[in-house]
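Only heavy atoms go into these numbers, but all of them, side chains included; no hydrogens, no water, no symmetry mates. Note that the structure is a prediction, hence the values are computed from the model and not measured. Throughout, residue positions are numbered sequentially from 1 according to the sequence presented.
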Amino acid sequence: MVSKEMVGRLGNQMFQYAAIRAVQELNNDDEAICISFKKYVEARGYKNELNNFKIKQINQVDQIKMNYIQYALIFIVKLVEKFLSFFITKQYEYKRYLFEKKIAKILNKFGIYFMRQGYSELKKTNAKNKILIGYFESEKYFDNIRDMLLEEFTPLKPKIEANKELYEAIEKTNSVCVTIRRGDFVTDENTRKNHYICTPEYFYEAIEKVKEIIENPRFFVFSDDVEWVKENMKFPPDTLYESGKDPVWEKLRLMYSCKHFIISNSTFSWWAQYLSRNNKKIVIAPSKWRNEGYSKDIYCDNWILIDV
């Protein structure tokens, strides 16, 4: 059995689910997946978005169960990290990553996969109950099961009829998905300080780069604040905009249906390009993912980076 306390919204949930499936495949574990959405999803006003997709059946539980050894080891690791945070003032998250990477083999033996940020190779375990802790934001965790994930991250519901013309335009052109994340990236002071990286200038430079590489590109803009984008940013005249009213599963499908991508430093944006069926896709991304913390492993090898 593989268990996880789910964290965040859809993009984060997809990373964590993908890691769960990778752990299952690695250990030939066909038992039910146990996930709790209570503490870090529902308590923050979010919801389980995975049930809109063709994922493997999961058991939703209020609390993740673990044995005494697992509980003790996780408690000790968290206590050590809390202690270290008082003494490490520079690059704490990177040094925490190095610490978690160093102890990963020991924890794996007891069925614990503990990695808040960054990549650490998954190892087989003889433990019956496997516990995942962290975000697992790297394709290295699950790229070997990508075909499986393409199927499981397909929305359960059919395409919305109102988007028929948009789908047709995406299919018939050299479509470029442009995702502009605003929300708490600009409204919350603390979040803005760390995450507001993709300014309008970044997108303008990315568009010019696309024009150099792709013949007759057509841009399709997706945002959590489409009206602001229309009023405050300048795109080529034939640019099309998603309405901003689609449910998240439909928006994601529209996005990954595009042939090429200009992404923001957003996990939702990341998954749009990863789920693309175009093997020759061009992906433009910002040169850094956040202003603080370790995020090197979230980058894919074939991306073209724009300095920010």
Pair Tyr17, Glu152: side-chain N/O donor-acceptor within cut-off below 3.5 Å
yes
With rounding to the nearest 0.5 angstrom, report the CD1 to CG distance, Ile160 to Asp246.
5.0 Å
Compute the centroid of each ring, for Tyr141 and then for Phe136, and state whether the two points are separated by less than 6.0 Å.
yes
Do you know which two heavy atoms are closest between Ile74 and Ile131, and how far apart they sit?
CD1-CG2, 4.2 Å
Going by the angle between their ring planes, with limits at 30° and 60°, are Tyr71 and Phe75 parallel, tilted or perpendicular?
parallel
In plain terms, say whether Glu31 and Lys128 are close enough for a salt bridge, that is, a side-chain N and a carboxylate O under 4.0 Å apart.
yes
Main chain of Leu150, side chain of Thr154: is a donor-acceptor contact present, judged purely on distance under 3.5 Å?
yes
So if you build clusters from Ile, Leu, Val, Met, Phe, Trp, Tyr with side-chain heavy-atom gaps below 4.5 Å, do Ile69 and Leu132 land together?
no
The side-chain hydrogen bond (donor to acceptor under 3.5 Å, both in side chains) partner of Tyr167 among Lys159, Arg253, Lys172 is Arg253
Taking only residues two or more places apart in sequence or in another chain, which ones pass salt bridge (charged side-chain N to carboxylate O under 4.0 Å, His left out) with Lys251?
Glu242
Looking at Tyr135, Tyr274, Trp271, which one forms a ring pair (Phe, Tyr, Trp, His ring centres under 6.0 Å) with Phe15?
Trp271
Would you mind listing every salt bridge (Lys or Arg N to Asp or Glu O under 4.0 Å) that reaches into residues 194-213, with sequence neighbours excluded?
Glu208-Lys211, Lys209-Glu212
For Tyr97, is the NZ or CZ atom of Arg116 found under 6.0 angstrom from the centre of its six-membered ring and inside 45 degrees of the ring axis?
no
